[in-house]
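Before any comments, here is the structure.
Owing to the predicted nature of the structure, the values given are computational and were not obtained by experimental measurement.
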Amino acid sequence: MTISEYCQQMKEKKIIVNHDYQRSGKIWPPAAKSYFIDTLILGFPIPKLYIYQVTDLKTRKTTKEIVDGQQRSTTILSFYNDEFKISGNSQFRGLKFSQLEEEDQSKFLNYQLGIDSFVNATPDEIRQTFKRMNSYTVPLNAQEKRYAISQGAFKWFITELSNRYAETLKSIGVFSEKELSRMDDSELLSDIIFTLFHGIERFSNPSLDKLYTEHEDEFPNSVEINNQIDNAFYWILKWEEIHKTAIMKSYNFYALLLSVIHHLYPNSKLMEVYSVEKKHGFTDDIILFKLSKLSEVLENKNISSEDKSKYSDFVKAASATTTKGHREIRFQYFCKALEPQIV
């Protein structure tokens, strides 16, 4: 069924919303609605909608109730009715349906929705269907759960940020495709932003959960954080010699990105761990020499006994552990490596 046909049936009350089936009472914010509509116009797939269909034998009238997909359905109809503009970083930003190019209007209206129908099923049979479907799915990790629960401003900020840098993080060796598909990049970026606000702490899922809930309604730091992360990526992408090395392991990249941000935008929380003076850039040859040394030490390439001793605490800290102490040591070494002097 196309979106055009689906909306027409909703307007004619042939397909109706039954709030008894609604899993959450939360209404999608503008960012969530806009991202969803953008997905449809661009032709990306979305999960199926599920409809409960029953026919009254006396009147021979068929009723269809939306079992799963109520937020998606109401968002589709609302945009179809010109009730909101697309927001965010979408190429269609600021436009209602009627303001789209005709080609894009056609893509939206002719989008084929996947719909499964329960015909004359009992409520128990519907429940059993979803229980059985969920029993065969891969359990959600902590970040995927955050995305499933949250529809707030911070979630959509992270969504745009991870969309922008996912391919970059893969190409420089931070994450594999499988890790990206499980949203490891979103979790890392969330953890980095948490650290900018609260300082270096042990990794904590409850702390990230709180970050999402605290910025459910708005994320006023979005422009500032965007600029800081963009500029840090700019410099790291210039240093191609360290791409796909041990430094690019996600737990080391966490410390490196924070170090670059701290040098460019001195952070009061991070000053407690390493004091810096604001820089407007880096001397690439000196920085690459020192970062390459750290990479060689981690990979144990042609390392003298003197260097092994000199960097022993860094090597010990540069593991997959996320303890506060190890994170601070990694951060301090990267901060030192970004200083303009060769030590």
Any donor-acceptor N/O pair, Ser171 side chain to Thr168 backbone, under 3.5 Å: yes
Cluster link Leu257 to Tyr234, ILVMFWY, side chain under 4.5 Å: yes
Pair Phe36 and Phe79, ring centroids less than 6.0 Å apart: no
Gln105 side chain vs Ser98 backbone, donor-acceptor pair below 3.5 Å: yes
Candidate pair Asp284 and Trp235, rule side-chain contact (heavy atoms from CB on, under 4.5 Å), full reasoning: CA-CA 9 Å; Asp284 290 340; Trp235 286 101; 3.5 Å; yes
Check: Ile115 and Lys48 side chains under 4.5 Å, non-hydrogen atoms: no
Lys107 and Glu103 ion-paired at < 4.0 Å: yes
Side-chain heavy atoms of Met248 within contact of Leu256, under 4.5 Å: yes
Where Phe175 and Asp185 come nearest, the two heavy atoms and their spacing: CE1-CA, 3.5 Å
Donor-acceptor contact present, side-chain Glu299 to main-chain Ala246, <3.5 Å: yes
From CA spacing to verdict: salt bridge (Lys or Arg N to Asp or Glu O under 4.0 Å), Lys293, Asp307: CA-CA 9 Å; Lys293 172 62 73 175; Asp307 281 341; 3.1 Å; yes
Plane angle bin for Phe253 and Phe233 - parallel if under 30°, tilted between 30 and 60°, otherwise perpendicular: tilted
Neighbour count above 12 (heavy atom, 6.0 Å) for Glu12 CD: yes
Minimum heavy-atom distance between Leu196 and Leu258, given as atom pair plus value: CD2-CD2, 3.7 Å
Test ring-ring contact (aromatic ring centres under 6.0 Å, His included) applied to Tyr251 and His326, step by step: CA-CA 10 Å; Tyr251 42 87; His326 282 180; over 10 Å; no
Path from Tyr165 to Ile172 over hydrophobic side-chain contacts below 4.5 Å: yes
Working for side-chain contact (heavy atoms from CB on, under 4.5 Å), residues Leu294 and Asn252: CA-CA 11 Å; Leu294 292 179; Asn252 290 327; over 6 Å; no
Interatomic distance, Lys155 atom NZ to Ile158 atom CD1 [nearest 0.5 angstrom]: 11.5 Å
Inter-residue atom distance Lys11.NZ - Tyr80.OH, 0.5 Å rounding: 6.0 Å
Main-chain N/O of Gly152 paired with Ser150 side-chain donor or acceptor, under 3.5 Å: yes
N/O donor-acceptor pair under 3.5 Å between Ser106 side chain and Glu102 backbone: no
Test salt bridge (Lys or Arg N to Asp or Glu O under 4.0 Å) applied to Arg146 and Glu187, step by step: CA-CA 10 Å; Arg146 277 180 214 110; Glu187 184 170 79; 3.6 Å; yes
Near-ring test Phe219/Phe154, centroid separation under 6.0 angstrom: yes
Cluster check Phe44, Phe108: I/L/V/M/F/W/Y, side chain < 4.5 angstrom: yes
Reported NZ-to-NZ distance for the pair Lys14 and Lys64, which is rounded to 0.5 angstrom: 8.5 Å
Any donor-acceptor N/O pair, Asp82 side chain to Lys96 backbone, under 3.5 Å: no
Non-hydrogen side-chain atoms of Gln143 and Tyr212 separated by less than 4.5 Å: yes
Test item: Arg327 side-chain N/O and Arg202 main-chain N/O as donor-acceptor pair under 3.5 Å: no
Check: His263 side chain, Val276 main-chain N or O, donor-acceptor pair, under 3.5 Å: no
Pairwise side-chain contact, Lys308 with Asn300, heavy-atom cut-off 4.5 Å (strictly under): yes
Lys13 atom NZ, over 12 foreign heavy atoms within 6.0 Å: no
Derivation and outcome, side-chain contact (heavy atoms from CB on, under 4.5 Å), residues Glu339 and Lys279: CA-CA 9 Å; Glu339 298 288 2; Lys279 297 177 179 62; 3.2 Å; yes
Carboxylate-amine/guanidinium contact Arg164 Asp230, below 4.0 Å: yes
CD on Glu160 to OH on Tyr35, rounded to 0.5 Å: 8.5 Å
Neighbour count >12 (heavy atoms, 6.0 Å) for atom NZ, Lys85: no
Residue pair Leu270, Thr195: steps toward the side-chain contact (heavy atoms from CB on, under 4.5 Å) verdict: CA-CA 8 Å; Leu270 297 178; Thr195 304; 4.0 Å; yes
Validation row: Ser4, Asn110 side chains within 4.5 angstrom (heavy atoms): no
Interatomic spacing from CD in Glu83 to CZ in Phe97 - rounded to 0.5 Å: 13.0 Å
Intermediate values then yes/no, ring-ring contact (aromatic ring centres under 6.0 Å, His included), Phe203 and Tyr254: CA-CA 11 Å; Phe203 176 82; Tyr254 160 89; 9.0 Å; no
Aromatic ring proximity, centroids under 6.0 angstrom, Phe157 and His215: no
Under 3.5 Å donor-acceptor, Arg72 side chain and Pro47 backbone: yes
Residue pair Gln91 / Ile41, side-chain heavy-atom distance below 4.5 Å: no
N/O donor-acceptor pair under 3.5 Å between His262 side chain and Ser275 backbone: no
Phe331 reachable from Phe197 in the ILVMFWY side-chain graph, under 4.5 Å edges: yes
Connected via hydrophobic side-chain network under 4.5 Å: Ile66 and Ile16: no
Between Asn231 and Tyr265: side-chain donor-acceptor atoms closer than 3.5 Å: yes
Asp285 atom CG, over 12 foreign heavy atoms within 6.0 Å: yes
Spacing of Thr213 atom OG1 and Ile149 atom CD1 [to the nearest 0.5 Å]: 10.5 Å
Stepwise side chain to side chain donor-acceptor pair (under 3.5 Å) check, Thr159 with Tyr147: CA-CA 9 Å; Thr159 297; Tyr147 262 53; 3.1 Å; yes
Neighbour count above 12 (heavy atom, 6.0 Å) for Lys269 NZ: no
Aromatic ring pairing Phe314/Phe334, orientation class (parallel under 30°, perpendicular over 60°, tilted between): perpendicular
Parallel, tilted or perpendicular, as decided by the 30° and 60° cut-offs, for the rings of Trp239 and Phe282: perpendicular
Salt-bridge criterion met for Asp209 and Lys145 (N-O under 4.0 Å): no
Residue pair Phe194 / Ser204, side-chain heavy-atom distance below 4.5 Å: no
Check: Ser73 and Tyr6 side chains under 4.5 Å, non-hydrogen atoms: yes
